[in-house]
Amino acid sequence: MEIFKYMETYDYEQLLFCQDKESGLKAIIAIHDTTIGPALGGTRMWTYDTEASAIEDALRLAKGMTYKNAAAGLNLGGGKTVIIGDPRKDKNEEMFRAFGRFIQGLNGRYITAEDVGTTVEDMDIIYQETDYVTGVSPAFGSSGNPSPVTAYGVYRGMKAAAKEAFGTDSLEGKVIAVQGVGNVAYNLCRHLHEEGAKLIVTDINKEAVQRVVEQFGAKAVDPSEIYSVDCDIYAPCALGATINDETIPHLKAKVIAGAANNQLKETRHGDLIHELGIVYAPDYVINAGGVINVADELIGYNRERALKKVEGIYDNIASVFEISKRDGIPTYLAADRLAEERIETLRRSRSQFLQNGQHILSRRQSR
Ligand SMILES: NC(=O)C1=CN([C@@H]2O[C@H](COP(=O)(O)OP(=O)(O)OC[C@H]3O[C@@H](n4cnc5c(N)ncnc54)[C@H](O)[C@@H]3O)[C@@H](O)[C@H]2O)C=CC1
Ligand SMILES: CC(C)CC(=O)C(=O)O
């Protein structure tokens with residue numbers, strides 16, 4: 001991978017490699033764009049096969065955060081971290097403290113939160129070293145685990161997508177295939193079950209599957225089967241790139257609406273599903289609930305205010321469908337248009353993220 005060429009092509013600002021021998025920390029922080037605010041995005045801990053795939057994941061996820069934050073109307077730019085390692089075996093306190101010090105060194109250009117493989121407890125450790133972390137425990141006056149709120153936003157967005165495809169936003173009786181039933185999708189399944197949807201689920205973690213089978217009457221299938229099951233809605237809630245050349249021919253769903261980041265392997269897969277008449281709720285619009293929730297910490301966390309904003313994901317998804325129909329373009333492009341227009345407008349009016357000389361965090365209420 002030619003890193004500078006890649007960064008130039010997609011206009012990345014900064015890529016940082018953080019290493020701490022004592023704790024085993026190997027972290028990559030990617031900052032994509034800080035035009036409308038400091039870069040906010042979670043930290044993913046994962047066992048990458050190669051360093052190149054970890055770098056690529058950090059870069060792709062960071063760019064997604066720029067678009068997610070802009071489209072959600074947040075005054076934040078986009079960044080993301082990946083920590084190379086197995087979250088079940090390789091974590092230790094010193095690792096997250098060392099990581100916190102690296103974040104502190106960026107002096108507010110990057111603010112972190114949870115993602116796959118990291119937890120509220122990890123954020124609490126980072127918080128010992130830096131203020132530039134969100135998704136910290138409610139005991140510190142913070143918003144806690146973002147996953148249930150992300151799930152609520154996905155549920156709202158899925159209803160908007162159902163309205164577009166089926167003419168009603170009721171999910172009662174709809175068959176929904178959920179891929180990955182971890183932190184976000186467990187909570188999503190709860191909302192869907194409460195509304196009377198029928199769930200088909202899969203996960204590589206058998207315990208996670210068992211939980212939703214027992215609690216929500218879901219039917220379990222093998223991970224390889226999830227793409228071809230008979231269903232109304234496919235909800236990708238594991239890792240990215242599951243909408244690709246291999247899976248698209250098998251899909252029977254009329255709607256794709258799920259929590260995973262970077263669902264399209266390549267943008268041309270967004271064109272392909274559009275041509276097939278599948279209603280796609282763009283990933284970074286529908287899964288913005290978590291970041292909307294943690295971003296509220298930056299102005300003194302108010303759960304009611306945050307949830308009200310998350311409810312608005314229904315309207316955001318509906319607006320994307322409107323732009324798509326108006327301009328005759330696939331929904332992923334309509335979402336990009338929404339985000340890019342906001343960034344460009346703000347780029348013209350200010351060139352850096354400091355507001356009146358103050359960092360956004362300076363408005364955080366004293367604890
Ligand atoms: N946690 C949050 O608030 C947010 C999460 N997301 C995205 O949503 C997705 C899910 O996030 P979380 O629920 O937090 O992660 P998680 O790690 O709790 O859940 C992911 C689940 O997917 C399963 N999985 C992994 N590969 C799989 C495969 N090939 N087939 C089936 N299952 C597989 C895992 O075993 C795990 O149970 C991720 O892509 C994440 O980046 C996006 C926005 C916010
Ligand atoms: C988990 C969120 C709080 C932030 C993030 O990284 C995301 O939305 O993907």
Side-chain angles (χ1 to χ4, degrees), residues 29-30 32 39-47 57-58 60-69 71-72 74 76-82 86-88 110-120 122-123 133-136 142-154 157 177-189 200-212 220-227 234-242 244 247 257-263 282-298 306 310 313:
I29 304 174
H32 176 247
L40 172 56
T43 295
R44 175 172 291 192
M45 187 165 183
W46 196 252
T47 48
D57 208 26
R60 270 170 57 87
L61 289 163
K63 181 162 178 267
M65 290 309 302
T66 299
Y67 282 72
K68 185 181 306 194
N69 293 338
L74 300 170
L76 291 162
K80 200 96 173 188
T81 299
V82 305
D86 185 339
R88 286 165 304 180
Y110 170 67
I111 304 168
T112 201
E114 293 86 347
D115 190 56
V116 173
T118 58
T119 63
V120 177
D122 302 331
M123 298 307 124
V133 52
T134 56
V136 173
S142 303
S143 67
N145 181 1
S147 304
V149 188
T150 302
Y152 181 57
V154 174
V178 185
Q179 178 186 43
V181 280
N183 290 319
V184 175
Y186 166 76
N187 290 286
L188 174 64
C189 286
I200 302 177
V201 301
T202 196
D203 199 294
I204 49 174
N205 175 345
K206 289 197 169 55
E207 284 161 26
V209 171
Q210 201 50 31
R211 190 166 63 150
V212 291
V221 296
D222 281 342
S224 60
E225 288 173 53
I226 198 73
Y227 304 109
Y234 165 54
C237 298
L239 299 184
T242 66
N244 57 48
T247 60
N261 281 308
N262 297 336
Q263 294 170 22
D283 45 14
Y284 64 74
V285 183
I286 196 170
N287 73 12
V291 78
I292 291 171
N293 195 49
V294 299
D296 202 82
E297 282 184 32
L298 305 175
V310 173
I313 287 178

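When reading the values below, keep in mind they use all heavy atoms of this one structure, side chains included, and skip hydrogens, waters and symmetry mates. Residue numbers run from 1 in the order of the sequence given. First listed ligand is number 1; within each ligand, the first listed atom is number 1.
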* For ligand 2, which part of Met65 has a heavy atom less than 4.0 Å away: the side chain, the backbone, both, or neither? ->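 It is the side chain that touches ligand 2; the backbone stays farther off.
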* Taking non-hydrogen atoms only, is Leu61 closer than 4.0 angstrom to ligand 2 via side chain, backbone, both or neither? ->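 It is neither part, as no heavy atom is under 4.0 Å.
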* Structure fact -> Filtering Gly117, Gly289, Ala259 for the heavy atom nearest atom 8 (O) of ligand 1 leaves Ala259
* Compare Met123, Lys80, Glu114 and give the one whose heavy atom is closest to atom 9 (O) of ligand 2. => Lys80
* Asked: Is it true that the side chains of Ser224 and Asp222 contain a donor and an acceptor less than 3.5 Å apart?
  ->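 No.
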* Distance-only polar pair, side chains of Thr247 and Asn244, donor-acceptor under 3.5 Å -> yes
Report the nearest protein non-hydrogen atom to [atom]: residue, atom name, distance rounded to 0.1 Å.
atom: atom 29 (N) of ligand 1; answer: Ile204 CG2, 4.3 Å
atom: atom 34 (C) of ligand 1; answer: Asp203 OD1, 3.4 Å
atom: atom 3 (O) of ligand 1; answer: Thr150 OG1, 2.6 Å
atom: atom 8 (O) of ligand 2; answer: Lys68 NZ, 2.7 Å
atom: atom 43 (C) of ligand 1; answer: Asn287 O, 3.5 Å
atom: atom 20 (C) of ligand 1; answer: Cys237 O, 3.9 Å
atom: atom 16 (P) of ligand 1; answer: Asn183 N, 4.0 Å
atom: atom 5 (C) of ligand 1; answer: Val184 CG2, 3.8 Å
atom: atom 38 (C) of ligand 1; answer: Ala238 O, 3.1 Å

* **Sub-4.0 Å heavy-atom approach of Gly41 to ligand 2** => yes
How long is the straight-line distance from [atom2] of [Y] back to [atom1] of [X], given to the nearest 0.5 Å?
X: Cys237; Y: Asp283; atom1: SG; atom2: CG; result: 11.5 Å
X: Leu40; Y: Thr134; atom1: CG; atom2: OG1; result: 5.0 Å
X: Glu114; Y: Met123; atom1: CD; atom2: CE; result: 4.5 Å
X: Asp122; Y: Thr112; atom1: CG; atom2: OG1; result: 10.5 Å
X: Thr118; Y: Arg44; atom1: OG1; atom2: CZ; result: 9.5 Å
X: Asp115; Y: Asp57; atom1: CG; atom2: CG; result: 8.5 Å

* To do: Give yes or no for whether the N/O distance cutoff of 3.5 Å, strictly under, is met between Lys80 and ligand 1.
  => no
* Asked: So, the side chain of Asp296 versus the backbone of Ile292: is there a donor-acceptor pair under 3.5 Å, distance only?
  -> no
* **Gly258 backbone acceptor or donor facing Gln263 side chain under 3.5 Å** =>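 Side chain of Gln263 to backbone of Gly258: a pair is present.
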* Asked: What atoms of ligand 2 come within less than 4.0 Å of a heavy atom belonging to Ala113?
  ->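 In order of numbering, the contacting atoms are 3 (C).
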* Asked: In terms of atom number and element, which parts of ligand 2 are under 4.0 angstrom from non-hydrogen atoms of Asn261?
  -> 9 (O)
* Compute the shortest N/O to N/O distance between Gly42 and ligand 2 and return yes if it is under 3.5 Å, no if not. =>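 Gly42 vs ligand 2: N/O contact under 3.5 Å present.
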* ligand 2 N/O within reach of Asn287 N/O, cut-off under 3.5 Å ->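 No, Asn287 has no N/O under 3.5 Å of an N/O on ligand 2.
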Quick one: which ligand 1 atoms are inside 4.0 Å of a heavy atom on [X]?
X: Lys68; result: 43 (C)
X: Val116; result: 11 (O), 15 (O), 17 (O), 38 (C), 40 (C), 41 (O)
X: Gly182; result: 13 (O), 18 (O), 19 (O), 21 (C), 37 (O)
X: Pro146; result: 3 (O)
X: Asp115; result: 40 (C), 41 (O)

* If you measure from each non-hydrogen atom of Arg44 to ligand 1, which part falls under 4.0 Å: side chain, backbone, both or neither? ->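 It is the side chain that touches ligand 1; the backbone stays farther off.
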Are any non-hydrogen side-chain atoms of [X] and [Y] less than 4.5 angstrom apart?
X: Arg211; Y: Asp203; value: no
X: Leu298; Y: Leu76; value: yes
X: Trp46; Y: Val116; value: yes

* Heavy-atom closest pair, residues Tyr284 and Lys68 -> O-CG, 3.1 Å
* Structure fact -> Exactly one candidate in Thr202, Asn205, Leu188, Val201 meets side-chain contact (heavy atoms from CB on, under 4.5 Å) with Val181; the answer is Val201
